[in-house]
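Atoms within each ligand, like the ligands themselves, are counted from 1 in listed order.
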Amino acid sequence: MCKGVAKITINRTEVHNAFRPETIDEMIQSMDIVRECSTIDVVILTGAGKKAFCSGGDQRVKGIGGYIGEDGVPRLNVLDLHKKIRELPKPVIAMVNGYAIGGGHVLHVVCDLTIASENARFGQTGPKIGSFDGGFGSSYLARHVGQKKSREIWFLCQQYSAKEALDMGLVNKVVPQEDLEEATMEWCKIIQQHSPMALRMIKRCLNAELDGQHGIMQLAGDATLMYYLTEESQEGKKAFLEKR
Ligand code: S0N
C-alpha cells in the first residue's frame, strides 16, 4: 500500500466475506488505529478475493436477538462499525469487487466513496431472509438513490449490476476488474494532495445535515479543535495559568 493509505480487508472468502461479531470487532479496532495514526490520510475498505466485497452478516451465527459470537452473546455490532466509518475524520473508500449484498451492501453505502469493478453486484436481502436495516442502510441509501429507488431495493431484494449502480448514483466509479486496485489508489493519491483539515471538515458538514444532534456534536468538536489552534484560545489558557 502507498504511504498514508490504510487498507482494511475482510478476509473470509469461504463465505463471500460475510461477517461475524468477531470480524466486526476487528474492523472497529482497525478503524480506531487508522483514526489515531497521523500518517494515514485515506482508508480503503474491501473484501479479499475477486468474488465478493462482503455478503453481510454470517447467517450461520445468526441467533435469537442477534449474531452470536464466540462468547455466546447475541449482537448487532455492525451498527457500531457504521458509526465508526461515519465519524472517522478521513475519507473512507469502499473498493467493491464482486458481491456487496445485505449488510455488505450497507457497508459500502456508509463509506464516503465507492469504486466498483465491472463484476460487482449490489443489493439488499433483509425482507427475504428475516431482517432489515432501518438505519444508514435505508435512510442514507435513500439520500444516495432517492426514496423510490431505495424502497425498490428493499422491497424487491433484487441484485443490480455495477452499471445500474453507477446510473442510480449508488457508486462513484466503475472500472474493469483488473484495474480496480490501481483506480482506487489513483483516487487516494489525488485526495492525499488535498488539505486533511478541509477534507475532515467537509465530511463533518455533509454528515451534520443528516445526523441531527450527533452530527452537530461532531462538527462542533472539530470547530473547537480549530478554535484551540487560535491565539485567542491559547491566551485564555495562559491567563488562567498565570492567574491574570
Ligand atoms: C452473495 C450471494 C448472492 C452469492 O451467491 P453465489 O455466488 O451463488 O454463492 P453462494 O454459493 O451462495 O455462496 C458461497 C458460499 O458462501 C456462503 N455464504 C454466502 N453468504 C453468506 C452469508 N451471509 N452468511 C453465511 N454464509 C454465506 C454460502 O453459504 C456458500 O457456502 P457453501 O459453499 O459452504 O455452500 C449469496 O451467497 C447470498 O445471497 N448470500 C447471503 C446474502 C445475505 O442475505 N446476507 C445477509 C443479509 N443480512 C445482513 O447482512 C444482516 C446484518 C445487518 O447488517 C443488519 C444491520 C442493521 C440492522 C439489521 C441488520 C440485519 O439485517 O439483521
Contact (N/O only, under 3.5 Å) between [X] and ligand 1:
X: Ser131; answer: yes
X: Ala18; answer: no
X: Gln159; answer: no
X: Thr125; answer: yes
X: Asp133; answer: no

For [atom], is the nearest protein heavy atom closer than 4.0 Å?
atom: atom 15 (C) of ligand 1; answer: yes
atom: atom 61 (C) of ligand 1; answer: yes
atom: atom 8 (O) of ligand 1; answer: no
atom: atom 32 (P) of ligand 1; answer: no
atom: atom 49 (C) of ligand 1; answer: yes
atom: atom 38 (C) of ligand 1; answer: no
atom: atom 18 (N) of ligand 1; answer: yes
atom: atom 45 (N) of ligand 1; answer: yes

Q. Considering only heavy atoms from C-beta outward, does the side chain of Cys205 approach that of Leu219 to under 4.5 Å?
A. yes
(Q) Within the 4.5 Å heavy-atom criterion, are Phe53 and Asn17 side-chain neighbours or not? (A) no
Between [X] (side chain) and [Y] (backbone), is there a donor-acceptor pair under 3.5 Å?
X: Ser117; Y: Pro176; value: no
X: Asn172; Y: Ile115; value: no
X: Gln124; Y: Gly102; value: yes
X: Gln59; Y: Gly57; value: yes
X: Arg12; Y: Ala18; value: yes

For [atom], what's the nearest protein heavy atom and its distance?
atom: atom 1 (C) of ligand 1; value: Tyr99 CG, 3.8 Å
atom: atom 52 (C) of ligand 1; value: Tyr67 OH, 3.7 Å
atom: atom 59 (C) of ligand 1; value: Phe132 O, 2.9 Å
atom: atom 54 (O) of ligand 1; value: Gly103 CA, 3.3 Å
atom: atom 24 (N) of ligand 1; value: Gln59 N, 2.9 Å
atom: atom 25 (C) of ligand 1; value: Asp58 OD1, 3.3 Å
atom: atom 26 (N) of ligand 1; value: Val15 CG1, 3.6 Å
atom: atom 21 (C) of ligand 1; value: Ser55 OG, 3.5 Å

Salt bridge check: are [X] and [Y] linked by an N-O gap of less than 4.0 Å?
X: Glu235; Y: Arg244; result: yes
X: Arg20; Y: Asp58; result: no
X: Glu22; Y: Arg75; result: no
X: Arg35; Y: Asp32; result: no
X: Arg200; Y: Asp222; result: yes
X: Asp167; Y: Lys163; result: yes
X: Glu186; Y: Lys173; result: no

Just jot down the ligand 1 atoms closer than 4.0 angstrom to any heavy atom of [X], in number order.
X: Gly102; value: 47 (C), 50 (O)
X: Ile129; value: 44 (O), 46 (C), 47 (C), 48 (N)
X: Leu79; value: 57 (C)

**Q.** Selected option - heavy-atom contact closest to atom 10 (P) of ligand 1, from His16, Arg60, Arg20
**A.** His16
Q) Counting heavy atoms only, which of Gly57, Gly56, Ala52 is nearest atom 23 (N) of ligand 1? A) Gly57
Using a 4.0 Å heavy-atom threshold (strictly under), name the region of [X] that reaches ligand 1: side chain, backbone, both or neither.
X: Ile101; value: side chain
X: Leu76; value: side chain
X: Val78; value: side chain

(Q) Let me confirm one number: the OH-NE2 distance from Tyr99 to His16, rounded to the nearest 0.5 Å. (A) 5.5 Å
Q.
With rounding to the nearest 0.5 angstrom, report the CH2 to CG distance, Trp154 to Leu141.
A. 8.0 Å
Q: May I ask whether Glu14 has any heavy atom positioned less than 4.0 angstrom from an atom of ligand 1?
A: yes
Q. Is the cationic atom of Arg143 (NZ for Lys, CZ for Arg) positioned less than 6.0 Å from the six-membered ring centroid of Phe136 and within 45 degrees of its normal?
A. no
